[in-house]
Structure formats: C-alpha cells, structure tokens
S.K.: 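Provided herewith is a single structure, encoded as structure tokens, for subsequent inquiry.
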Amino acid sequence: MVPYKHYGLLAIVSLMWMAGCSSPYVENNKIEEIAPVVFWSVDKGTEGKLKISTLVPPLIQEKKRLLSKEVDLLKQGDQKFNLIYYRELKQGQLRMLLINEELAKKGGIEKLINTILVDPDISMRVYLLIVRGDFDEYIKNQLTEQENQDYFLYRMLKHYEEHNQGEMSIVNIHKFMKKVYSPFKDPILPVFHSDKNNFNYVGTAIFQNDKEVMVIQDVDDNIFQLLDNNHFLKVLAIPKLSISLGRIRSNVRMKLSRDYSSLSLHVGLKGRIEEYQGELNIQSEEQLEHLIHEIEVYLEEQTSDLLKRMQRWKVDPLEVGTHSLKPFSKQITEDQWLKYWGNMKINVDYDIKVHPLINGAVDVFQNK
C-alpha cells in the first residue's frame with residue numbers, strides 16, 4: 001500500500017506523464033534552429049489582405065532583415081515566414097504588436113488581438129501600438145543605423161510603463177481587451193508617427209469598442225494623463241502661458257447629479273514651476289497668484305473642451321459612467337449611459353498649488 005505522503009508525488013508524476021503524452025508532436029526548441037519574434041507589424045495589404053512584417057532576429061551574428069508577407073489570416077504569417085527563412089520563428093518572445101492606424105479606424109482589430117490572446121505561448125503583456133505612416137520603411141532604414149532597433153523600441157515602452165510618469169499611454173493586450181469587454185470603459189492605445197528616419201509618440205487614441213474614433217495630443221494628452229494615468233505627470237508644458245510645471249500630482253473628484261444631467265469635475269493640482277518665459281514677475285506674490293489663476297482658467301477651458309469632444313464621439317475613456325454604479329440600485333445599460341453622457345452638462349474646477357522658481361521654495365515643497 002502506498003503511504004499518504006507519496007500520493008502528492010505520484011499525482012505530479014502522473015500529470016507530467018499525461019502532459020508529455022498529450023500530443024504526438026514535440027516542439028522544436030533547439031537554439032540553433034529557432035528565431036524569437038519581438039514584434040509583428042500589421043498593415044493593410046492588397047485586395048483586403050493583411051500585410052504582416054517582422055524582423056528576423058537570429059541568435060548568432062548575422063545580418064538582420066525584414067520579412068513581409070500578405071495574408072488573409074494572422075496565423076498564416078507564421079507559416080509563410082517559416083517557408084522563406086531557414087530558422088523556425090517562435091512567437092513566445094513577441095513583445096509588441098504594431099497596428100497601422102488605417103486598420104484601427106476601420107475597426108475589427110479585436111479579432112487580431114484575440115488571435116494572439118488564445119496562443120498559450122504568447123505573453124498577455126504584449127504592448128499594443130497604433131502607427132501612422134510606414135513602419136516597415138523606418139525599420140529598413142534603421143537596419144543600417146541600429147540593427148537592434150526592435151529591442152530598443154521594446155525597452156522604451158517598458159521604461160515608460162515602469163516609471164508611469166504620464167509621458168505617454170502604455171497599454172498591453174490584457175488591459176485593452178479588458179476595457180473592450182467591460183461596461184462604461186472605452187479603451188485607449190498610444191499613437192506613434194513613423195517615417196524613414198523617425199518613430200515619435202503622437203498622443204492617445206480613444207476607441208469605441210475596437211474602432212479608433214479620436215486622437216488627443218499635446219496639452220490635451222497631458223491633461224488626459226493627469227485625469228487617467230495614476231494622477232501624476234512629470235512635466236506639463238503650457239506654451240500659451242510660457243510656463244512649464246513639473247512633478248505634478250493631481251487629486252481628481254467626479255460627482256454625477258442624481259438624474260445624470262450634470263457632472264462636476266474637481267481637479268486639485270500640486271507641483272512646482274520649472275520654467276517661466278513670460279512677462280510677469282513671479283517673485284511677486286500678487287503676480288504669482290495672477291499667473292496661477294490664468295493656469296487654472298486655461299486648464300478648465302481645455303479640459304471642458306476635451307470632455308465635450310468625448311461626448312460628441314460618445315466615448316468614455318475616463319470611466320465617468322462607473323460613478324453611476326451604486327449599491328442596491330438598478331444598473332443603467334451602457335446605451336442608456338451614452339445617451340446621458342452625450343447631453344450632460346460638465347462643470348470643471350481646478351485648484352492649483354505651485355511653488356515658484358526659486359530653490360528655497362522648491363526645498364520647502366520637497367520637505368513637506
């Protein structure tokens with residue numbers, strides 16, 4: 001008779017044996033014969049097809065090259081790439097999915113993303129990016145300048161995700177799809193512009209389900225980051241007022257009226273002045289107060305305008321609708337919410353506390 005203490009070991013061995021025997025096929029994972037894929041770039045092809053591209057990243061010293069194929073289905077890319085390259089491509093190291101903006105505006109990227117989500121070999125932390133322009137042209141040109149550009153792009157995204165300072169929206173597949181399927185939560189993705197020599201962050205794309213409907217950038221994107229992204233922004237530059245604020249923390253409060261006819265948005269900001277090129281003497285308490293008031297008025301107007309555009313497009317990336325959820329009350333539908341949201345009166349109020357551009361004031365602020 002087998003002692004109880006050995007039952008666990010027998011169960012583990014049995015599971016390992018069953019897993020090993022569950023398929024008659026053995027994966028080829030010989031280092032010399034495989035090539036891990038870091039990114040897929042998906043663009044419009046001819047006659048309704050998809051154009052899929054990736055860099056061949058060999059594990060030995062060998063010149064990199066860009067592989068591109070037109071396919072009907074995303075998974076055909078695996079097959080067709082393997083027919084033109086002597087190493088077997090493995091998607092287990094896929095870290096970025098770059099989707100051309102024209103595809104995102106058309107809608108239907110949910111199907112592309114689901115194809116990746118159901119692949120057990122691919123991480124759910126794959127970064128999603130929207131690209132304007134020709135990314136393939138950029139990568140081809142960079143091969144002569146920096147052959148590991150694909151890896152450096154991944155490291156850049158990882159850096160901004162870890163530090164979470166509001167410079168750009170960083171979204172992975174899991175976060176995107178969670179919002180696609182959740183009520184009162186419209187997903188977002190970062191937008192980059194690509195040409196032969198540059199790959200630059202543009203702003204934040206806002207989606208209605210899986211279709212891009214609007215893009216916010218510059219100051220509007222900064223405001224969105226303050227309202228949505230962990231309430232911290234490293235730098236807020238306001239060229240109109242010739243000022244840059246830094247290390248800003250925001251406290252955002254939203255309150256819906258009982259009949260959903262109005263929204264009160266209060267934003268408290270704390271930070272410091274890091275640059276001022278205007279005409280006011282900000283060493284004067286009176287003129288500093290005047291400048292702060294100008295900043296408050298400017299941000300209130302910009303935020304109101306941004307929210308009104310969201311209302312027109314019937315999108316709610318700030319998840320205002322979740323404030324309608326109350327215990328022991330009937331939940332309104334998403335369609336009902338969008339009707340309320342589209343006609344809602346919005347009142348925005350900013351309360352800003354900043355320290356002037358002098359070392360003593362900054363030291364006081366930092367030691368509080």
Side-chain angles (χ1 to χ4, degrees), residues 27-104 109 112-113 115-116 119 121-123 125-160 170 172-173 189-202:
E27 286 285 333
N28 171 27
N29 288 316
K30 291 184 179 179
I31 296 296
E32 299 83 0
E33 297 179 8
I34 64 174
V37 172
V38 176
F39 77 87
W40 272 351
S41 171
V42 185
D43 201 344
K44 290 173 61 178
T46 59
E47 299 179 355
K49 292 180 180 289
L50 298 174
K51 179 186 176 185
I52 303 177
S53 304
T54 191
L55 266 186
V56 178
L59 301 177
I60 59 174
Q61 288 297 323
E62 181 180 312
K63 188 176 180 180
K64 288 193 175 186
R65 59 193 176 104
L66 185 73
L67 301 181
S68 296
K69 280 291 180 182
E70 289 197 356
V71 295
D72 294 295
L73 300 170
L74 193 63
K75 279 295 182 178
Q76 281 183 293
D78 292 348
Q79 182 185 41
K80 293 202 173 187
F81 287 149
N82 284 325
L83 292 176
I84 61 174
Y85 184 59
Y86 73 99
R87 295 177 186 273
E88 182 182 354
L89 300 186
K90 290 283 188 176
Q91 277 68 50
Q93 291 300 314
L94 185 67
R95 292 295 179 263
M96 298 179 290
L97 179 64
L98 301 100
I99 302 172
N100 184 270
E101 189 172 36
E102 293 303 312
L103 283 176
I109 66 172
L112 295 176
I113 296 170
T115 301
I116 293 176
D119 191 328
D121 294 330
I122 298 177
S123 167
R125 295 185 62 83
V126 173
Y127 296 120
L128 293 179
L129 295 79
I130 301 299
V131 179
R132 290 179 178 174
D134 193 335
F135 181 72
D136 289 2
E137 182 184 31
Y138 169 74
I139 286 293
K140 286 178 184 177
N141 186 56
Q142 289 299 309
L143 286 177
T144 59
E145 304 291 332
Q146 177 53 261
E147 64 177 15
N148 293 320
Q149 188 62 25
D150 52 342
Y151 177 72
F152 291 135
L153 287 179
Y154 162 67
R155 292 300 304 176
M156 176 190 73
L157 297 173
K158 188 173 178 61
H159 166 81
Y160 284 116
I170 302 296
N172 60 44
I173 281 182
L189 286 180
V191 180
F192 290 82
H193 179 266
S194 179
D195 58 31
K196 185 177 181 180
N197 300 306
N198 301 289
F199 187 74
N200 299 320
Y201 178 71
V202 173

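Everything quoted here is computed from the prediction, not taken from an experiment. Residue numbers count from 1 along this sequence.
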S.K.: Run the side chain to side chain contact (heavy atoms under 4.5 Å, CB included) check on V131 and S41 step by step: do they pass?
M.R.: CA-CA 9 Å; V131 179; S41 171; over 6 Å; no
S.K.: Determine, stepwise, if the pair L129 / L157 fulfils side chain to side chain contact (heavy atoms under 4.5 Å, CB included).
M.R.: CA-CA 10 Å; L129 295 79; L157 297 173; 3.7 Å; yes
S.K.: Using the benzene-type ring in the case of Trp, are the ring centres of Y127 and Y160 under 6.0 Å apart?
M.R.: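 Distance test on ring centres: not under 6.0 Å, no.
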S.K.: Quick check: closest heavy atoms across V126 and L97, and the distance to 0.1 Å?
M.R.: CG1-N, 3.8 Å
S.K.: So, for E70 and G45, which heavy atoms are closest and what is the spacing to 0.1 Å?
M.R.: OE2-CA, 3.6 Å
S.K.: Determine, stepwise, if the pair K51 / N100 fulfils side chain to side chain contact (heavy atoms under 4.5 Å, CB included).
M.R.: CA-CA 10 Å; K51 179 186 176 185; N100 184 270; over 6 Å; no
S.K.: Which distance, rounded to the nearest 0.5 Å, do you find between the CD1 of I130 and the CD1 of I99?
M.R.: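 With rounding to 0.5 Å, CD1 (I130) is 5.0 Å from CD1 (I99).
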S.K.: Taking the side chain as every heavy atom from C-beta outward, state whether E137 and S194 have any atom pair closer than 4.5 Å.
M.R.: no
S.K.: Do F199 and L98 have side chains that approach each other closer than 4.5 Å (heavy atoms only, starting at C-beta)?
M.R.: yes
S.K.: Hey, are the side chains of L74 and I116 touching, using non-hydrogen atoms and a 4.5 Å cut-off?
M.R.: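 Yes, their side chains come closer than 4.5 Å.
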S.K.: Among V38, L143, L67, which residue meets the side chain to side chain contact (heavy atoms under 4.5 Å, CB included) test with L55?
M.R.: L143
S.K.: Could you tell me which non-hydrogen atom of V191 sits nearest to which non-hydrogen atom of E101, and how far apart they are?
M.R.: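 That would be CG1-OE2, 4.4 Å.
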S.K.: Just verifying a value: how many Å separate N141 CG and D195 CG, rounded to the nearest 0.5 Å?
M.R.: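 The CG atom of N141 sits 9.0 Å away from the CG atom of D195.
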S.K.: Can you measure from CD (Q142) to CD (Q149) and round to the nearest 0.5 angstrom?
M.R.: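 Rounded to the nearest 0.5 Å, the CD-CD separation comes to 4.5 Å.
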S.K.: Which residue in the set Y154, F152, F135 passes ring pair (Phe, Tyr, Trp, His ring centres under 6.0 Å) when paired with F39?
M.R.: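 In the set Y154, F152, F135, the residue that makes a ring pair (Phe, Tyr, Trp, His ring centres under 6.0 Å) with F39 is F135.
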S.K.: Determine whether L103 and K44 satisfy the following criterion, side chain to side chain contact (heavy atoms under 4.5 Å, CB included), listing intermediate values before the conclusion.
M.R.: CA-CA 7 Å; L103 283 176; K44 290 173 61 178; 3.6 Å; yes
S.K.: How long is the straight-line distance from CG of D72 back to CG of L50, given to the nearest 0.5 Å?
M.R.: 8.0 Å
S.K.: With rounding to the nearest 0.5 Å, note down the distance linking CD1 in I109 to CG in L189.
M.R.: 6.0 Å
S.K.: Between NE2 of H193 and CG of D134, what distance do you get to the nearest 0.5 Å?
M.R.: 10.5 Å
